[in-house]
Amino acid sequence: MPPQVRLHQIFDWDSPQQNARLRRELAAGLLQTQASIAPKFFYDKLGSRLFEAITELPEYYPTRTEAAIFSEHLPAIRQALGQGFTLIDLGCGSCGKAGRLFHAGVMPSRYVAVDISVDFMRDSLQQLKRELPGIEMMGVGLDFTHELALPDDIPSQRRVFFYPGSSIGNFSPPEAARFLRGLAEQLDASGGLLIGVDLIKDSALLDAAYDDALGVTAAFNRNLLRHVNARLDADFGIGDWQHVAFYNAADARIEMHLEARRPLTVSWPETAGRSVRRFAAGERIHTENSYKYSPDGFAALLASAGFAEIEMWTGPRGWFALFFARRAE
Ligand code: AVI
């Protein structure tokens with residue numbers, strides 16, 4: 001990494017302590033009656049690349065719809081953010097969204113890229129620094145879904161948290177409220193939160209966005225098992241599992257699962273011997289929820305989490321919304 005881009009690797013897959021915590025978390029999820037794997041395990045290097053590919057699919061409207069809202073409302077967004085702020089990009093991935101904002105003239109004085117996929121983040125940040133050498137940049141490898149413990153050398157004044165892409169939808173509403181409250185507590189009165197939120201819409205559009213014709217989302221979902229095999233030394237046969245995604249209207253969320261194509265046994269090493277989980281044909285592992293909100297519902301969530309002065313921008317079809325909010329006094 002060039003010297004002008006600092007990297008704090010708080011999260012490290014290979015630290016024995018964190019690795020042990022993640023292994024415990026994975027094993028606990030797999031041994032539940034309804035097996036589950038947390039969505040953060042999607043993002044190894046290949047998973048991050050597959051997600052980038054998803055954002056280019058014709059069916060996956062959120063990324064391009066959000067980008068169009070940014071373009072259309074740029075002056076208002078620029079005015080809301082002001083100047084001299086530190087942009088903290090939570091789950092920066094390729095840093096592409098922040099990069100587009102900077103190229104459009106929305107310039108922070110400092111950019112902090114945060115991601116669990118540390119190698120992918122480092123490469124992306126280096127590229128961005130080459131393009132925009134005038135912005136101070138820092139990378140933080142962090143599992144912020146576990147704990148938002150930012151390094152001390154990020155000034156606490158004028159922080160703007162940037163959480164685009166409706167990643168907030170990957171938390172349940174109570175978890176989202178807790179997470180947002182944690183953000184509000186780390187803001188001063190001149191900072192804020194710029195957040196993208198996917199809205200409730202026709203279920204056929206939602207189903208297609210998470211089960212595309214090319215099968216990229218299926219590959220993204222099944223890649224999770226490759227990653228779990230590597231982290232847990234498990235023996236998932238990738239071809240034994242099929243991608244299932246559907247909109248659950250009662251809970252206003254997309255659900256993604258991996259479904260066993262036949263009766264299966266999966267095992268991984270434990271202190272004494274191996275843990276074994278049996279799956280019947282058709283049994284599923286729940287891998288992700290992606291909650292969708294109404295504009296009023298999300299504004300109410302922000303208010304309940306300690307935010308005020310809430311502004312919202314949306315596109316002509318009302319598919320997606322961008323919110324800016326400040327900490328309530
Ligand atoms: C990262 N997150 C907001 C994406 C979503 O839409 O929930 C992850 C994703 N899963 C399948 N496609 C995209």
Side-chain angles (χ1 to χ4, degrees), residues 36-67 69-70 89-98 113-117 120-121 124 142-145 161-173 175-176 179-180 193-203 205-225 227 241-248 251-259 284-293 298 301 319-323:
S36 67
I37 301 174
K40 67 182 171 203
F41 292 99
F42 283 130
Y43 302 98
D44 63 351
K45 205 165 186 181
L46 179 56
S48 297
R49 288 191 176 130
L50 286 167
F51 179 67
E52 290 303 313
I54 287 175
T55 65
E56 306 213 350
L57 293 169
E59 296 94 331
Y60 194 75
Y61 61 84
T63 313
R64 86 178 61 85
T65 309
E66 185 181 51
I69 297 171
F70 272 114
D89 189 354
L90 299 171
C92 61
S94 66
C95 303
K97 290 175 185 173
V114 183
D115 210 286
I116 192 171
S117 192
F120 191 71
M121 179 264 285
S124 310
L142 180 68
D143 175 7
F144 59 85
T145 63
F161 286 110
F162 183 42
Y163 201 34
S166 201
S167 293
I168 192 70
N170 297 134
F171 292 106
S172 70
E175 287 165 352
F179 177 73
L180 292 171
L193 166 68
L194 184 61
I195 185 166
V197 182
D198 199 10
L199 300 178
I200 294 168
K201 61 184 64 62
D202 178 62
S203 64
L205 281 166
L206 287 163
D207 287 343
Y210 290 82
D211 195 6
D212 58 282
L214 203 55
V216 182
T217 311
F220 173 72
N221 199 8
R222 292 162 74 210
N223 177 63
L224 180 75
L225 300 179
H227 193 201
W241 296 86
Q242 69 181 11
H243 170 66
V244 175
F246 56 88
Y247 184 58
N248 168 346
D251 293 322
R253 69 186 194 202
I254 283 282
E255 292 185 17
M256 293 216 314
H257 301 258
L258 287 163
E259 184 176 291
R284 291 174 180 174
I285 303 174
H286 194 165
T287 54
E288 186 173 58
N289 288 321
S290 193
Y291 283 84
K292 311 301 168 188
Y293 287 89
F298 195 76
L301 187 70
W319 282 3
F320 198 94
L322 192 62
F323 288 82

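Note that ligands are numbered from 1 as they come in the structure, with each ligand's atoms numbered from 1 the same way.
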Could you give the side-chain donor-acceptor pairs of residues 164-171 under 3.5 Å, partners two or more places apart or in another chain?
unit_1	atom_1	unit_2	atom_2	d
S166	OG	D198	N	2.8
N170	ND2	E288	OE2	3.2
N170	ND2	N289	O	3.0

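Listed by first and then second residue, the salt bridge (charged side-chain N to carboxylate O under 4.0 Å, His left out) pairs involving residues 39-52 are E25-K40, K40-D143, D44-R226, K45-D123 (not counting sequence neighbours).
Ring centers of F42 and F220: under 6.0 Å apart, within the cut-off. With ring centers used as reference points, F51 lies 6.0 Å or more from F120.
Listed by chain and number, Y43, F51, I54, Y60, G165, S166, S167, N170, Y210, T217, F220, M256, E288, S290 each place a non-hydrogen atom less than 4.0 angstrom from ligand 1.
A distance-only check finds a donor-acceptor pair linking the side chain of N221 to the backbone of H257 [under 3.5 Å].
With sequence neighbours excluded, the residues forming a ring-ring contact (aromatic ring centres under 6.0 Å, His included) with F323 are F298, listed by chain and number.
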